[in-house]
Protein chains: 2
Amino acid sequence: MEATGNGEKGLHARVLESLGPAITAGDHPPGTVLRTDELAERFDVSRTVIREAIRVLESMHLVTSRRRVGVTVRPTEEWNVYDPRVIGWRLAGRDRPRQLRSLTVLRSAVEPVAAGLAARHATPAQCAELTEHAMGMVATSRGQQLDAYLVHDMAFHRVVLTSSGNEMFARLAEVVAAVLTGRTQHHVMFTDPDPAAVTLHVQVAEAIRTGDATRAEALTREITTGAMAELDVLAP
Amino acid sequence: MEATGNGEKGLHARVLESLGPAITAGDHPPGTVLRTDELAERFDVSRTVIREAIRVLESMHLVTSRRRVGVTVRPTEEWNVYDPRVIGWRLAGRDRPRQLRSLTVLRSAVEPVAAGLAARHATPAQCAELTEHAMGMVATSRGQQLDAYLVHDMAFHRVVLTSSGNEMFARLAEVVAAVLTGRTQHHVMFTDPDPAAVTLHVQVAEAIRTGDATRAEALTREITTGAMAELDVLAP
DNA sequence: TCGACCAATTAAGTATGACGTTTGCGTCAC
DNA sequence: GTGACGCAAACGTCATACTTAATTGGTCGA
């Protein structure tokens with residue numbers, strides 16, 4: 001499935017996939033004005049298609065559309081930085097390090113609290129999933145199996161966030177996944193994960209299973225603190 | 001400016017302001033299919049306008065648009081719950097209590113960390129603003145001045161979040177403002193704010209000013225914990 | 001000279017009708 | 001009963017004409 005990814009969706013989606021990254025990357029700095037007619041010509045589509053793409057960018061607060069003036073790129077501070085697509089575009093673009101740092105800080109705030117809640121709300125099935133993925137991390141933590149390790153790592157944190165029972169936390173799962181993926185990609189592919197971190201994950205799973213909220217929160221805080229420290233080492 | 005807010009924007013925006021709340025309130029349960037032609041007739045606008053509104057709803061993951069089937073309302077778990085408009089609609093609708101609780105939990109995770117960061121990054125001007133609003137809270141904490149108190153309270157937390165230096169945190173300011181507003185509206189209008197909470201705000205301002213990150217975080221955690229306890233009392 | 005008012009221009013907003021494309025679903029043959 | 005075929009329904013796209021609002025600039029008057 002998924003073909004080559006070059007273009008199986010609608011035209012407006014394709015325009016969006018071109019304009020969005022361009023704006024978030026700073027190719028069109030805040031204050032830049034885009035004319036719909038010009039865009040229609042540039043992308044060789046009708047004005048209708050452009051307008052639909054603009055509506056979406058507008059809903060992300062990336063641009064505003066005003067009569068007699070055109071489509072204006074809004075200042076960075078007004079962007080909807082929680083929109084998954086904006087996050088994705090920025091992670092793929094120029095200020096990826098900056099975005100990665102913001103998200104890691106957000107993680108450090110949210111995940112410990114989520115783990116504490118999970119200790120009180122996780123179902124037996126979720127606890128089983130947690131230990132399963134923690135074991136998977138242990139099993140793949142040595143011998144250049146970073147890809148397999150990453151899968152378990154992402155799944156582990158996803159289960160923690162969803163087990164918290166808070167919908168806002170649950171929706172951050174994909175963001176955390178993006179951060180973890182980004183970290184792995186930045187790593188030199190020959191360094192195995194930190195054994196201490198692996199141990200912490202196992203302990204978090206156990207704390208949640210036994211309903212020890214305080215311990216789950218503290219341990220998760222250690223994990224996220226480690227992630228931030230790691231980022232400081234690799235940071236440009 | 002801003003007129004009366006009844007309807008000075010485009011037609012698509014008006015359609016959105018009608019469809020969005022209806023969907024988030026559950027008037028069109030997940031799985032419901034809407035036809036664009038039908039909507040065009042119902043709102044007495046052209047299909048173009050409907051399509052633009054649908055594109056925005058689609059970008060919020062509230063609906064999906066598929067050929068031969070129509071516009072389908074997506075399950076609740078897939079909604080972009082961080083979109084300010086979705087938050088606003090849900091706060092105004094049926095499951096307001098649920099949304100208020102989710103957001104308060106999010107606050108309890110984010111604000112303490114933000115306060116800790118603010119202690120290290122806040123500029124003198126921001127520190128001045130903080131103490132100013134803390135003093136304002138003290139001044140308005142007695143004698144049925146809840147409205148004036150609310151203004152200072154919202155401003156205080158906004159400055160804390162922006163002073164953290166993290167763009168993700170800063171963008172939560174309006175969400176926190178919505179929560180605080182909601183809390184005040186639920187309060188009986190004759191009960192003055194909790195004096196202990198007021199004191200805590202003053203102490204947070206001082207901790208941030210003196211750069212005591214640990215203390216700022218701990219004190220803010222007390223504030224948010226209090227907010228959650230308060231919610232438990234009033235909760236249905 | 002300065003200010004206020006008016007008109008022209010420009011680009012987005014809206015409406016409409018036609019055609020293209022996908023795809024669910026029924027039908028028919030084997 | 002199963003598979004292939006084809007119709008039709010709904011969105012997707014396009015082209016065009018018209019409407020609306022705001023910027024610009026110029027003119028007129030105090």
Side-chain angles (χ1 to χ4, degrees), chain A residues 1-20 22-23 28 30-74 78 85, chain B residues 1-20 22-23 28 30-74 78 85:
Chain A
M1 334 289 184
E2 189 61 14
T4 54
N6 43 12
E8 271 312 310
K9 300 170 291 191
L11 290 185
H12 59 89
R14 244 177 291 177
V15 171
L16 203 60
E17 293 300 315
S18 176
L19 272 184
I23 293 175
H28 306 295
T32 307
V33 291
L34 308 166
R35 260 92 36 85
T36 54
D37 292 308
E38 175 200 327
L39 292 172
E41 187 190 13
R42 170 138 68 97
F43 289 100
D44 191 36
V45 294
S46 72
R47 213 162 59 100
T48 309
V49 171
I50 295 296
R51 284 181 52 74
E52 290 178 14
I54 294 297
R55 281 286 97 79
V56 176
L57 292 175
E58 199 176 28
S59 93
M60 296 171 173
H61 279 69
L62 293 185
V63 302
T64 58
S65 183
R66 278 169 48 204
R67 282 189 163 129
R68 180 57 172 88
V69 53
V71 176
T72 313
V73 178
R74 303 183 79 160
E78 299 179 4
R85 248 167 313 184
Chain B
M1 332 300 177
E2 188 63 14
T4 54
N6 43 11
E8 273 311 313
K9 301 169 291 190
L11 291 185
H12 57 88
R14 243 176 291 177
V15 172
L16 203 60
E17 294 300 315
S18 176
L19 272 184
I23 292 175
H28 307 297
T32 308
V33 291
L34 308 166
R35 260 95 30 95
T36 53
D37 292 313
E38 175 201 327
L39 292 172
E41 187 190 14
R42 171 139 67 98
F43 289 101
D44 192 37
V45 295
S46 72
R47 216 161 56 100
T48 310
V49 171
I50 295 296
R51 286 181 52 75
E52 289 177 15
I54 294 296
R55 280 287 99 78
V56 176
L57 292 175
E58 199 176 27
S59 93
M60 296 169 174
H61 279 70
L62 293 186
V63 302
T64 57
S65 182
R66 280 169 47 203
R67 283 187 162 130
R68 177 57 173 127
V69 51
V71 177
T72 313
V73 178
R74 303 182 78 158
E78 299 179 4
R85 248 168 311 184

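Lettering follows sequence order; numbering is per chain, from 1. The model shown is predicted, which means the values in this text are computed figures rather than measured ones.
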> Taking atom P of dA11(C) as reference, at what distance in whole Å does atom CZ of Arg51(A) sit?
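Roughly 15 Å, once rounded to whole Å.
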
> How close or far is atom C1' of dT13(D) from atom NZ of Lys9(A), stated in whole angstroms?
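The distance from NZ of Lys9(A) to C1' of dT13(D) comes to 18 Å, rounded to the nearest Å.
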
> From CD of Glu52(A) over to P of dT14(C), roughly how many Å is that when rounded to an integer?
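Value for this atom pair: 13 Å.
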
> How is Arg66(A) classified with respect to the nucleic acid when contacts are heavy atoms under 4.0 Å: base, sugar-phosphate, or nothing?
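Sugar-phosphate contact only - Arg66(A) comes under 4.0 Å of backbone atoms but never of a base.
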
> Take the protein atom CD of Glu38(A) and the nucleotide atom P of dT10(C), then report the distance between them rounded to whole Å.
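About 16 Å, once rounded to whole Å.
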
> Sub-3.5 Å donor-acceptor pair from the side chain of Arg85(B) to the main-chain atoms of Ser59(A), do we have one?
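Here the side-chain-to-backbone pair exists.
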
> Counting neighbours of CD on Glu41(A) that are heavy atoms of other residues, nucleotides or ligands and sit closer than 6.0 Å, is the number greater than 12?
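Open.
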
> Can you tell me how far C1' of dA9(D) sits from CZ of Arg67(B), to the nearest Å?
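After rounding, the reported distance stands at 12 Å.
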
> Starting from P on dA12(C), measure out to CG on Leu34(A) and report it in whole angstrom.
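Rounding to the nearest Å, CG of Leu34(A) and P of dA12(C) are 9 Å apart.
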
> Compare the minimum distances between each of dG24(C), dA15(D), dT16(C) and the side chain of Thr48(A), then state the nucleotide with the smallest one.
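Out of dG24(C), dA15(D), dT16(C), the nucleotide with an atom closest to Thr48(A)'s side chain is dA15(D).
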
> Using the side-chain heavy atoms of Val49(B), tell me which of these nucleotides is nearest: dA15(C), dC14(D), dG24(C).
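Closest nucleotide among those given: dA15(C).
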
> Side chain of Asp37(B) only, please: which of dT14(C), dC11(D), dA11(C) is the nearest?
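The nucleotide sitting nearest to the side chain is dC11(D).
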
> Is Ile54(B) touching bases, backbone alone, or none of the nucleic acid, heavy atoms closer than 4.0 Å?
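No contact at all - Ile54(B) keeps every heavy atom at 4.0 Å or more from the nucleic acid.
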
> With a 4.0 Å cutoff (strictly under), does any side-chain N or O of Ser65(A) reach OP1 or OP2 of dG13(C)?
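For dG13(C), OP1 or OP2 has a side-chain N or O of Ser65(A) closer than 4.0 Å.
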
> Might you confirm whether atom CD of Glu78(B) has over 12 heavy atoms from other residues, nucleotides or ligands at distances under 6.0 Å?
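Buried by this count: over 12 neighbours within 6.0 Å.
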
> I'd like to know if Arg55(A) and Glu52(A) make a salt bridge, using a cut-off of under 4.0 Å between side-chain N and carboxylate O.
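Looking at Glu52(A) together with Arg55(A), the answer is no, because their closest N to O distance does not fall below 4.0 Å.
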
> Name the residue closer to the 5' end of DNA chain D, choosing between Val71(B) and Arg47(A) according to the nucleotide with the nearest heavy atom.
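So the residue in question is Val71(B).
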
> Between Arg55(B) and Arg68(A), which residue's closest nucleotide on DNA chain D lies nearer the 5′ terminus?
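Taking each residue's closest nucleotide, the earlier one in sequence belongs to Arg55(B).
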
> May I have the distance from Ile50(B) (atom CD1) to dA15(C) (atom P), rounded to whole angstrom?
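That distance rounds to 9 Å.
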
> Using a 4.5 Å cut-off on heavy atoms from C-beta on, say whether the side chain of Arg14(B) contacts that of Leu11(B).
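Touching, per the 4.5 Å side-chain cut-off.
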
> Please report, rounded to the nearest Å, how far the P atom of dT20(D) is from the CZ atom of Arg14(B).
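So the CZ-P distance, Arg14(B) to dT20(D), works out to 13 Å.
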
> Please compare Arg35(A) and Ser46(B) by the position of their nearest nucleotide in DNA chain C and report the one closer to 5'.
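The residue whose closest nucleotide sits nearer the 5' end is Arg35(A).
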
